Amino acid sequence: MKWSRSLIPTLKESPSEAEIDSHKLMIRAGLIRRITAGAYAYLPLGTLVLNKVITIVREEMNRAGAIEVFLPALQPLNLLEESGRLTVFGDDLITFEDRHGKVTALGPTHEEVVTEIVKNEINSYKQLPLTVYQIQTKFRDETRPRFGVLRSKEFIMKDAYSFDGDYEGLNKSYKAMYEAYCRIFDRCGLEYIIVEADSGAMGGEVSHEFMVPSNVGEDVIIRCLTCGYSANRERAEAAPIPPEDHITFQPLKEVSTPDKRTIQEVSDFLQVKPCQMVKTMIYMVNGQPVAVLIRGDHEVNETKLSKVLGQETLALADHNTIEHVTDAPVGFAGPVGLSVKIIADQAVSALHNFVTGANKPDVHLLNVNHGRDFIIDKIVDVRYVAKGDKCPRCNSGIDISQGIEIGHVFKLGTKYSDALKARFLDAGGKERPMIMGCYGIGVNRIIAALIEISRDQDGIIWPLSLAPYHVVIIPVNVNDAKSIHMANHIYDELTLNAGIEVLLDDRDQRPGVKFKDADLIGIPIKIIIGKRFSETKELEIKLRKSGETFLVPPDEVRLRIESLFEMLSKP
RNA sequence: CGGGGCGUAGCGCAGUUUGGCUAGCGCGCCUGCCUUGGGAGCAGGAGGUCGGAGGUUCAAAUCCUCUCGCCCCGACCA
């Protein structure tokens, strides 16, 4: 492709809309343009990269035995109603009313649609197992789209769904997808961490997230650098905190804390560290108030809490309920004298002589001890892992970092096949629900994540596998007939005879402009036809990533490029 | 959805507080000269409903009301 005939609008300055580097670079390098909040147009260079990613994904899905399908973006609401996810998605669902008054959704994901199809078309164990996938645009009305294509209202997802007759089959299907994901991300040149993820309120099932470590990532990665334990924030556990030895119970004491409600306020006022305090949170569970005790410096993990309580729906109680239950305004709740069920986080059970609310206005209690002053009904793990926690497996220090979620694999079990009645007859003639798995990859996110981890002050650094073009030929002076002739010759040689994707910068621009642009758009290899060429007939090959240069006579260029390809293809 | 901010040329911005020349600057773009190894120089030029609607005024980018869009923080997020 000749530069002058494509559309590659590079920018010197960063647009004000962009906050993070990958977003800025995608705009500056002419990959994308925003059309509206959370929706981006892919320009030629962006489209080439997108297609590179899609090709890799498709090849590896096929290799793993998955079958490609193409499902509609439009979805009827009744399917989502049947699975119960209409309320789960809620306002995230983008819907519209057609001329007949029928309300239709733009699909946020496709579990229901694919299950509906399989339910209708598959009746026998002989037709299983089956894994289908598609590459489709998904729609979600994100409350706040941000970071360019990392969180948008419209995004491309590869979603796959496996159907098996038994759990052993699911395990095989899951493993095949898991391994395919590793190959896909390896081929894309991404460094990634696989973390255990929470499987929501279904319980007992397995889920893994593929994360690219990055400080702009919106997901939290908890891991142990010693034993390799890794999990996301919802899922991660910490080693139980051991109770202190030789504690003597101090006498319980009331203390006046006028208008001090938050942990921070009370901590400052009484000069007690938050880790010596206990928060009492009142939750509504099945219409009944429950007190949850958590250490002052910890946070309640509602995913764990709902699992512990066996409830999918729980919520913090409103102010009226709290005042009714505790006999005090919000901010002064405590377990002593409370008549509701008391659930304590493990860390609280290890505390002695702690500070907490007195269930009286403007009063807190000092030296509270469970067993003596109140009884805990249940000790459980219901908090998020915090800095300073220990690994639940090996008790080493734990590392908390951020990452971009680029893939998620999930053993669903029978959630959707039960809801939508997708059953089959087994060898014994017995009707059984299909066992499902689902597997997603954020295609656009792969691109943004790659740029986040592969760039420098000059621009993007593409791996060979994702580069929009492998090579850019730069004739320094396009008015020099010999240079142009050579540029065309090399172009044909590489394109026609070696199947290499080449961009020819035929613009009548000063060399500096062309070099800067080539660096910005991140083409792995530059072939420069300039001063050297007029002097010694040599061409210069320069690598984007390392900056290494090689002087090569024209008839050796192809061989040299091919050997560089081999080198660049290795991780 | 709460809080904050911003909409002026393709991009980045000044001008708005205190209303008043023909609405500016840098980059980019067009023409010519010159130049050709890391975003050159000179000269000339095109490009604006100042987000939109209404109002106040002799006069509005500037003041008032409404409205649309966008960004940031928070809440939310299979």
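Throughout, a chain's letter reflects where its sequence line sits, starting with A, and its residues are numbered from 1. Note that the structure is a prediction, hence the values are computed from the model and not measured.
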Any N or O donor-acceptor pair linking the side chain of [X] to the base of [N] at under 3.5 Å?
X	N	value
A:Lys542	B:G38	yes
A:Asp517	B:G39	yes
A:Glu13	B:G28	no
A:Glu540	B:G37	yes
A:Arg151	B:C77	yes

How far, in whole Å, is [M] from [N] if one measures between their [atom1] atoms?
N	M	atom1	result
B:A75	B:C68	C1'	25 Å
B:A59	B:C42	P	44 Å
B:A60	B:C50	P	12 Å
B:U22	B:U17	C1'	25 Å
B:C33	B:C25	C1'	25 Å
B:G32	B:C70	P	41 Å
B:G3	B:U67	P	15 Å
B:A9	B:G15	C1'	15 Å

What contact category does [X] fall into here, base, sugar-phosphate, or nothing, at under 4.0 angstrom with non-hydrogen atoms?
X	answer
A:Asn479	base
A:Arg28	base
A:Asp91	nothing
A:Thr109	nothing
A:Ile474	nothing

Suppose we define a pair by two distances each less than 3.5 Å, Watson-Crick or G-U wobble; what does [N] pair with here?
N	answer
B:G10	B:C27
B:C21	none
B:G37	none

Practice item. Please report the shortest heavy-atom distance between A:Ser417 and A:Pro433, naming the atom on each side. Key: OG-CB, 4.1 Å

OP1 or OP2 of [N] under 4.0 Å from side-chain N/O of [X]:
X	N	value
A:Lys12	B:G28	yes
A:Gln457	B:G38	no
A:Ser16	B:C70	no
A:Arg144	B:C71	no
A:Arg510	B:G37	no

Check your understanding: Distance under 6.0 Å and angle within 45° of the ring axis: does A:Arg233 meet both against A:Tyr384?
Key -> yes

**Study point:** Ring-face cation contact, A:Phe155 with A:Lys138, 6.0 Å cut, 45° max
**Key:** no

Review point. Given A:Arg544, which of A:Ile523, A:Asp456, A:Ile521 fulfils the side chain to side chain contact (heavy atoms under 4.5 Å, CB included) condition?
Key: A:Asp456

Exercise for review: Inspect the contact between A:Lys153 and A:Glu142 and indicate whether a charged nitrogen and a carboxylate oxygen are less than 4.0 angstrom apart.
Suggested key: no

Study note, to complete from the structure: Closest to the 5' end of RNA chain B, once A:Pro145 and A:Arg85 are matched to their nearest nucleotides, is A:Pro145

Revision key, fill the gap. When A:Thr10 and A:Val88 are each assigned the nearest nucleotide of RNA chain B, the 5'-most assignment goes to A:Thr10

Review point. Between A:Phe185 and A:Tyr181, how do the two ring planes meet: parallel, tilted or perpendicular, split at 30° and 60°?
Key: perpendicular

Review point. Taking the side chain of A:Arg146 as heavy atoms from C-beta outward, which of B:G38, B:A75, B:C71 is closest to it?
Key: B:A75

Revision key, fill the gap. Only one of A:Arg85, A:Glu82, A:Glu112, A:Glu111 passes side chain to side chain donor-acceptor pair (under 3.5 Å) with A:Tyr416, and that residue is A:Arg85

